[in-house]
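Computed from a predicted structure; not experimentally measured. Residue numbers count from 1 along this sequence. These numbers come from the heavy atoms of this one structure, side chains and all, not from hydrogens, waters or symmetry mates.
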Amino acid sequence: MSTFYITTPIYYTNAEPHAGHAYTTIAADVLARYHRLKGDEVFFLTGVDEHGENIQKVADLKEISPQAYCDQVAPTFTTLWKRLNISYDIFLRTTSELHKTGVTRFLNALYETGDIYKGKYEGYYCRPCERFFTEKEQGVDKTCPIHKLRLEWVEEDNYFFALSKFQDQLIKHIHENPEFIQPAARSNEILSVLETGLEDVSISRASVSWGIPLPFDPDHISYVWIEALSNYITALGFAGNEDRFQTFWPADIHLMAKDIVRFHAIIWPAMLMAVDLPLPKHVVAHGWLTKDGEALSKTRGIFIDMDADIETYGLDAFRYYLLREFSFGNDGDYRPNRLQARYNADLANDLGNLLNRTLGLVSKNFDGIPEPTTPDSLDNEVIQMAKETISKVDSLMTQSAFDMVLEAIWEFVRRVNRYIHQTQVWTLAKSEDTRSRMGTILYNSMEALRVIAVLISPFMPDTAARIRRQIGLDDSTAVRGLDSIGTWGGLQSGRTIGKPEPIFPRLDIKKRKARDKTSDVQEPQAEEVQLISIDEFQNLDLRVATITEAEKVPKADKLLRLIVDLGGEKRQVVAGISQHYAPDELIGKQVVVVVNLQPVKIRGIESQGMVLAAAGDETLVLATLDEHVTPGTTVR
């Protein structure tokens, strides 16, 4: 039996999961389910990364231990994966003994190669990323290219991995294995980095306490990224379950978003080369999600409301849209109106209608599935297209081309709908002479639905199961595998079909929203607006300020003390935003401040201004700027 090992990144527990995590994990789930259809022995890994400086800081702010904090956040991931119907085989936590033991063994093996040495690190560091950036990687004005925050200059004694030693070996491997990094644009990006030269990387931190100590120097904690990458082998029992490790390593696919591909395509392969372990077969990096053309942003309130869309359209429609609407390797713009359009057109009209009218005609005219007794050329076209679709899907799945896979399946769905129209099958019940021809057409349509149910099952497992039950099949492996649709004619004539039920009832979102509005007991009265003159508005002195410091006010749940840079001066501002923003995520943000307010004391701390924010019943979003502006600039 062939094996298939697929991984997602282990997601960082400094915050609860979001749509970006869901996108990666659903894609991995589709690949895992597809390889199970093929009869492969599959191991699907996901999990959470629980160590590092950022976790320590968040736990300190919450005044609990890092372990207690991680114990609170980790279940939010498993709960979401259950809601999204993710069929993982292991959910790895880096605080588990399985991981700690494996990391210790791996680090010892790496140390014994002689490719680890102690030295002094001096460089620019991003705390949210928990990584150093070389001069070539830095953004404008020494900023993090990801978070756009000013980098800190850090100096400390570290252990280093001799990454530069493996530069030529990595280039050679990528050239000899052009499918190693996918898509091609990411591969070209990595080659460009390699060809400009690599620097050795720090693998430890002496100033961080929350993590796994280096086995050869317990005064140093393993750098969180080095430790995290090791999860791909520790989850296989690298230090204790040799059978599982030997069965599944090397990984077939490491799946991730494009922002972390360098770690997976440069540092991780180099470490594996150092200890003489096989490299993963493929590193696949997908694009980022946006929402209605704008970058997702917690602070700006731009997010994908997964719960609301799943509640409205159903889980399988949500999974379908995520992988159908845009190419997996490119950035994708999530648009709720497009989800509605896909639901109504692809799911309700094409697939749902095909199932409903086929089952309706069978139920009305036959006792069970009819027998195909009068074939003609149109039938052969459908049968041939079924075979071609199965082959095309298999080829495209090896490229993680999910949108093209689904388009190929839906071409077949539309062809079967057209087959029903071409034959005008509903007219053939009028005469006993044409009844056998009607039975043949409906049998072929039912058989096509059987093929479709198998092909869509990795993407929409619940929908596939509902189709199988309605056409009279159970959920046994025998009717769900890819082998079961290799030969046309697998449906048994005479089998009783299930009760026809719409799988995608058509939705009218405008009517639903109108109904929701009229369901309110009482329409709130409009408040009287107090108008002001332009002169009164001009009395306000609004300036752009950069937040340079932020900390919680002791014994105050809602208050943060901010130091803001107004260009020529710095001021202290007390803001009631603690329940919406952690202090560390505010550093470097540019906000709008009212600077001509009289100072007031709040909890004994003088506040010398006010930051502007949009506030609702449960939300608060600071008024920030899309582009960097010189501190002190007047807001008009």
Side-chain angles (χ1 to χ4, degrees), residues 3 5-7 9-10 43 45 47 49 51 90 92 94 96-119 131 158-177 180-181 190 193-194 198-205 211-218 220-254 256 260-283:
T3 62
Y5 178 29
I6 184 165
T7 71
I10 47 173
F43 196 77
L45 163 69
D49 179 4
H51 290 133
I90 186 171
L92 183 77
T94 57
S96 68
E97 288 304 315
L98 173 66
H99 180 68
K100 291 177 182 177
T101 304
V103 167
T104 297
R105 180 183 174 189
F106 182 70
L107 289 172
N108 269 328
L110 203 57
Y111 186 67
E112 289 168 3
T113 64
D115 292 322
I116 291 180
Y117 63 92
K118 195 172 185 180
R131 63 166 288 197
N158 286 174
Y159 283 88
F160 289 80
F161 169 58
L163 180 65
S164 58
K165 172 182 174 180
F166 298 92
Q167 176 177 317
D168 292 342
Q169 199 172 339
L170 286 166
I171 292 173
K172 183 173 183 288
H173 180 79
I174 294 171
H175 281 305
E176 291 179 351
N177 300 273
F180 174 56
I181 304 169
I190 295 301
V193 171
L194 289 169
L198 292 179
E199 298 178 6
D200 294 349
V201 294
S202 168
I203 67 160
S204 73
R205 296 288 182 270
I212 299 176
L214 295 182
F216 44 85
D217 189 343
H220 284 251
I221 296 297
S222 174
Y223 172 41
V224 64
W225 264 108
I226 300 302
E227 174 220 320
L229 289 166
S230 308
N231 90 94
Y232 301 124
I233 57 175
T234 66
L236 296 177
F238 178 66
N241 190 333
E242 289 296 328
D243 287 343
R244 190 160 72 185
F245 179 75
Q246 294 298 329
T247 298
F248 289 104
W249 191 258
D252 290 271
I253 293 179
H254 286 330
M256 73 214 66
I260 57 173
V261 70
R262 293 190 186 188
F263 293 96
H264 290 81
I266 296 178
I267 298 176
W268 177 229
M271 290 194 298
L272 292 169
M273 289 174 174
V275 297
D276 200 26
L277 283 176
L279 271 57
K281 297 173 186 175
H282 304 290
V283 174

* Asked: Testing Phe216, Tyr117, Tyr223 for ring pair (Phe, Tyr, Trp, His ring centres under 6.0 Å) with Tyr159, which one passes?
  -> Phe216

Shortest non-hydrogen contact from [X] toward [Y]:
{"X": "Ala265", "Y": "Ile181", "answer": "CB-CD1, 3.7 Å"}
{"X": "Asn158", "Y": "Ser202", "answer": "OD1-OG, 2.6 Å"}
{"X": "Gly211", "Y": "Ile221", "answer": "CA-CG2, 3.5 Å"}
{"X": "Leu98", "Y": "Gly237", "answer": "CD1-CA, 4.0 Å"}
{"X": "Leu92", "Y": "Ser96", "answer": "CD1-OG, 3.9 Å"}
{"X": "Asp49", "Y": "Ala228", "answer": "OD2-CB, 3.6 Å"}

* Sub-3.5 Å donor-acceptor pair from the side chain of Asp200 to the main-chain atoms of Ser164, do we have one? -> yes

* Asked: Short question: side chain of Asp252, backbone of Ile6 - any donor-acceptor pair under 3.5 Å?
  -> no

Drop me the distance from [X]'s [atom1] to [Y]'s [atom2], to the nearest 0.5 angstrom.
{"X": "His282", "Y": "His264", "atom1": "NE2", "atom2": "NE2", "answer": "15.5 Å"}
{"X": "Ile190", "Y": "Ile171", "atom1": "CD1", "atom2": "CD1", "answer": "11.5 Å"}
{"X": "Ile203", "Y": "Leu163", "atom1": "CD1", "atom2": "CG", "answer": "11.5 Å"}
{"X": "Glu227", "Y": "Thr104", "atom1": "CD", "atom2": "OG1", "answer": "9.5 Å"}
{"X": "Thr3", "Y": "Gln246", "atom1": "OG1", "atom2": "CD", "answer": "11.5 Å"}
{"X": "Asp217", "Y": "Leu107", "atom1": "CG", "atom2": "CG", "answer": "12.0 Å"}

* **CA sep, side-chain torsions, deciding dist, call: Leu45, Asn231, side chain to side chain contact (heavy atoms under 4.5 Å, CB included)** => CA-CA 9 Å; Leu45 163 69; Asn231 90 94; 3.3 Å; yes

Using 30° and 60° as the class boundaries, would you call the ring planes of [X] and [Y] parallel, tilted or perpendicular?
{"X": "Trp225", "Y": "Phe263", "value": "parallel"}
{"X": "Phe248", "Y": "Phe43", "value": "tilted"}
{"X": "Phe166", "Y": "Phe161", "value": "parallel"}

With a 4.5 Å limit on heavy-atom distance, are the side chains of [X] and [Y] in contact?
{"X": "Arg205", "Y": "Val224", "result": "no"}
{"X": "Pro215", "Y": "Tyr111", "result": "no"}
{"X": "Met273", "Y": "Leu170", "result": "yes"}

* **Residue pair His99, Thr94: steps toward the side chain to side chain donor-acceptor pair (under 3.5 Å) verdict** => CA-CA 6 Å; His99 180 68; Thr94 57; 5.0 Å; no

* Asked: Less than 4.0 Å between a side-chain N and a carboxylate O, is that true for Arg105 and Glu242?
  -> yes

* Asked: Can we call the ring centroids of Tyr232 and Phe106 under 6.0 Å apart?
  -> no

